[in-house]
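Side-chain atoms are counted along with the backbone in the values below, which use heavy atoms only and exclude waters and symmetry mates. Chain naming here is simple, since letters A, B, ... match the order of the sequence lines and numbering starts at 1 in each.
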Amino acid sequence: MRKDRTGISQDDDRSPPADLRGAESSNKTRNCCGVGSVSGSTGPISMEFQAPCPDQVLENVLENVLQFLSSRRDRNAASLVCKSWWRVEALTRSDLYIGNCYSVSPRRAMSRFSRVQSVSIKGRPRFADFNLMPIDWGAHFTPWVTAMASAYPWLEKVYLKRMSVTDDDLALLAESFPSFKELVIVCCDGFSTSGLAIVASDCRQLKVLDLIESEVTDDDVDWIACFPESGATCLESLIFDCVECSINFDALESLVVRSPSLKKLRLNCNVSIGQLCRLIVRAPQLTHLGTGSYSSPDDAVPGEHASDLQSALSACKSLVCLSGFKEMLPDYLPAIYPVCANLTSLNFSYANIHSDQIISVIFHCHNLQVLWVLDSIRDEGLQAVASTCKDLRELRVFPLDARGDNEGPVSDVGLQAISEGCRKLRSILYFCQHMTNAAVIAMSRNCPDLEVFRLCIIALHSPDHVTGKPMDEGFGAIVMNCKKLTRLAVSGLLTDRAFGYIGKYGKLLRTLSVAFAGDSDMGLKYVLEGCPRLQKLEIRDSPFGDAALHSGLHHYYNMRFLWMSSCRLSPKGCQEIVRALPRLVVEVIKHDVAVCPDDTVDILYMYRSLEGPRDDAPKVVTILQ
Amino acid sequence: MESKVAYENDLNLKATELRLGLPGTDYSEEQALFSARNNKRPLPDTNEKCGSKGCTDAPHAGNETAPSTKTQIVGWPPIRSYRKNNLQPKKTEPEAAGIYVKVSMDGAPYLRKIDLRIYKGYPELLQALENMFKFTIGEYSEREGYKGSEYVPTYEDKDGDWMLVGDVPWDMFMSSCKRLRIMKGSEARGLGCGI
């Protein structure tokens with residue numbers, strides 16, 4: 001069975017478990033020899049480790065070569081060649097990526113990789129974002145930062161996603177890493193402005209402080225004023241649009257003035273347009289700007305700052321990315337027209353403005369590659385996008401009113417238009433009330449570069465609203481025609497047939513999200529048996545049971561995780577998984593709003609791990625053993 | 001929910017009302033409408049054990065786990081709460097949880113936010129504003145507005161117009177006020193002279 005390449009390679013034991021050994025492992029070694037081998041050997045090298053043969057010259061050469069390998073998948077492959085390559089790869093790996101914080105312990109990771117400068121850690125599964133998981137489930141940064149404090153004193157970058165981070169963690173980080181340069185925190189929680197203050201004041205080399213869609217408690221601490229007050233800062237990126245705290249504007253302005261390298265600045269809502277003007281004037285070198293509220297409650301005359309704003313923005317010749325607009329005053333919309341032509345990325349997904357107002361902006365944005373909007377853009381707005389934004393790579397259409405009415409503002413008409421106008425589309429996330437197979441099929445044919453197709457038909461079990469048929473053929477066409485597809489989210493009325501298509505054609509699929517779909521166990525079986533690259537599978541409210549779960553036994557070690565909630569699993573069925581696959585951690589979680597009786601499983605969350613059951617699970621989590 | 005209250009207070013119309021649910025089910029009107037509107041395909045005979053799946057299909061006798069409207073399904077549609085919380089609501093009906101509006105005052109560096117629902121009427125609101133921003137408002141009269149004050153409380157209504165606080169009945173004000181601004185008296189001249 002092919003081993004997964006996206007996470008860390010399996011552990012120190014050079015012999016893989018019996019069920020994972022196979023012909024393919026020798027294929028890999030042959031490739032790796034071809035890549036960097038010095039010895040000239042072309043035959044497969046045995047995975048079983050023989051007597052050690054230290055060859056210092058060889059290792060030095062290897063080290064010099066392997067340090068150029070940046071892709072972690074390449075590195076994982078290289079590390080499987082032999083013990084020597086494993087050792088050298090470990091020494092030369094500078095970026096540590098932990099896709100699931102519970103798959104490996106900090107101690108184990110750090111004893112293998114000793115010279116790491118950048119660490120990325122992901123915690124909770126994505127469905128936790130939608131309140132499907134208890135709040136205190138886990139994913140704590142504390143054990144990681146504690147271990148890194150001693151293991152990686154020269155650490156420069158930390159990237160965290162869906163982790164719980166405390167102020168103490170941030171304090172330890174600021175104190176332990178004198179070369180620390182970049183902190184990127186995405187969808188995390190647990191810390192406050194006090195923690196930010198410590199980072200601001202103590203990380204003297206800080207280039208990047210990006211806080212994205214995270215919950216930050218407002219401690220009333222003026223963290224902006226905590227940046228060193230004199231001399232230039234190294235700041236290149238400061239993103240804090242999600243931090244809901246009041247801002248000491250004078251401190252912020254002074255900071256911007258002292259940061260000549262600042263390229264990315266995303267403000268929160270508490271910066272008015274007048275203040276925004278002043279900041280932009282100080283930082284015309286900005287490439288990424290988040291405008292904050294884009295509102296001006298103090299206006300005696302609405303829009304009185306418009307010409308100031310427009311000239312300030314015009315001076316930003318390098319501006320390529322605009323976002324913010326959280327309380328947009330339409331009077332100020334025309335101020336951004338002059339910069340639209342250069343924009344490659346526009347995030348209007350918090351701007352609740354009329355469709356024609358959005359269209360008036362879109363008509364200037366010929367170079368747009370990334371567009372995030374609300375569905376208030378309407379089908380007409382999407383038609384404008386289709387006719388103007390020929391270079392569009394990524395589109396996300398979010399619902400303004402999540403409940404929606406029968407007639408949503410965007411529909412198959414908009415999707416069809418986009419497919420016809422934006423042929424280079426690679427990634428789409430589209431929320432709508434209803435859809436047709438025809439529009440989805442059209443997209444599958446018109447946009448061959450699609451890698452990510454996420455369609456969320458909000459009305460549950462919604463069929464093709466023209467033909468009344470299930471949405472099977474639409475999604476089938478997507479997997480069939482989009483040869484580069486790696487991520488898929490399905491919705492609407494779907495039978496097992498749709499999953500049959502996915503299993504048959506979705507050979508490159510890595511991530512699949514399923515909700516309220518399918519008829520029987522066969523649906524899940526098709527997918528588990530047919531998609532060899534599947535890494536992340538998240539399913540909710542679908543009629544898949546124990547038999548379906550068992551059909552994936554051959555594959556679960558290759559996956560990062562499987563999530564199944566409100567399906568038809570029993571504790572007994574999940575227990576059998578544990579018996580068959582000892583390296584899997586199988587968590588059964590009871591959710592507060594549990595609707596299932598006791599003989600079914602509310603939430604199953606399972607993932608491979610080198611560490612066995614974690615010891616920080618809350619009471620609602622049962623780890624089957 | 002309001003319809004339930006009406007039923008309790010009036011004649012027991014509930015016992016005799018025509019509904020789409022099976023007899024004996026305690027089913028809200030919205031649930032029944034939702035099922036009918038969506039043309040559910042028939043369930044297989046071996047009924048699903050899982051309640052949340054069942055609740056989206058045709059009426060289940062005694063299914064106490066069914067959500068009352070389509071909005072009650074946890075985590076659906078899949079939108080992060082960060083995004084939901086940040087969207088400017090343009091709802092016409094005020095939320096039961098509180099009507100928060102921003103309050104700015106000319107010359108003050110920070111805005112404040114207040115919940116209009118806490119106040120019973122204009123006197124309480126104005127008192128609170130005075131305390132919050134440390135200033136005094138003069139006497140209100142319909143004819144002359146806030147005569148003799150250094151500062152005048154104004155608000156932006158749903159149509160985007162700036163109005164003088166106090167002109168309309170309190171309930172109307174609560175539902176139409178989008179934000180408050182305490183203007184300098186000199187700038188507010190003209191607002192108090194009627195519309």
Under 4.5 Å heavy-atom distance to chain B, tell me which part of A:Ile457 shows up: side chain, backbone, both or neither.
-> backbone
With respect to chain A, which residue among B:Arg83, B:Glu156, B:Met105 yields the maximal number of heavy-atom pairs within a distance under 4.5 Å?
-> B:Arg83
Heavy-atom pair of closest approach, residues B:Val74 and A:Phe130 = CG1-O, 4.1 Å
Among A:Cys269, A:Pro297, A:Ser272, A:Ser293, find the one that has a side-chain contact (heavy atoms from CB on, under 4.5 Å) with B:Leu111.
-> A:Pro297
With sequence neighbours excluded, what pairs up with A:Phe240 under the ring-ring contact (aromatic ring centres under 6.0 Å, His included) test?
-> A:Trp223
List the atom of A:Phe431, the atom of B:Pro78, and the distance in Å for their closest heavy-atom pair.
-> CZ-O, 3.5 Å
Which bit of A:Cys242 is near chain B, if near means a heavy-atom gap under 4.5 Å: side chain, backbone, both or neither?
-> both
Interchain contact, B:Arg80 with chain A, by part (heavy-atom threshold 4.5 Å) = both
Heavy atoms, side chains only, cut-off 4.5 Å: are A:Ile458 and B:Trp76 in contact?
-> yes
Comparing A:Ala515, A:Ser246, A:Ser349 against chain B, the one with the most heavy-atom pairs below 4.5 Å turns out to be A:Ser349
Between B:Arg179 and A:Ser295, what is the shortest heavy-atom contact and its length?
-> NH2-OG, 3.5 Å
Is the number of heavy atoms from other residues, nucleotides or ligands within 6.0 Å of CD (B:Glu124) greater than 12?
-> yes
Shortest non-hydrogen contact from B:Ile73 toward A:Arg540 | CG2-NH2, 3.5 Å
Could you have a look at A:Glu213, A:Arg126, A:Glu244 and say which one has the most heavy-atom pairs with chain B under 4.5 angstrom?
-> A:Glu213
Take atom CD in A:Glu215; do more than 12 heavy atoms of anything else shown fall under 6.0 Å from it?
-> no
Taken in chain and number order and not counting sequence neighbours, the residues that satisfy ring-ring contact (aromatic ring centres under 6.0 Å, His included) with B:Tyr119 are none
Let me know if A:Phe127 has heavy atoms under 4.5 Å from chain B in its side chain, its backbone, both or neither.
-> neither
Heavy-atom contact with chain A under 4.5 Å, split by part of B:Ile79 | both
Contact part of B:Lys84 toward chain A, heavy-atom cut-off under 4.5 Å: side chain, backbone, both or neither?
-> neither
Heavy-atom contact with chain B under 4.5 Å, split by part of A:Asp299 | backbone
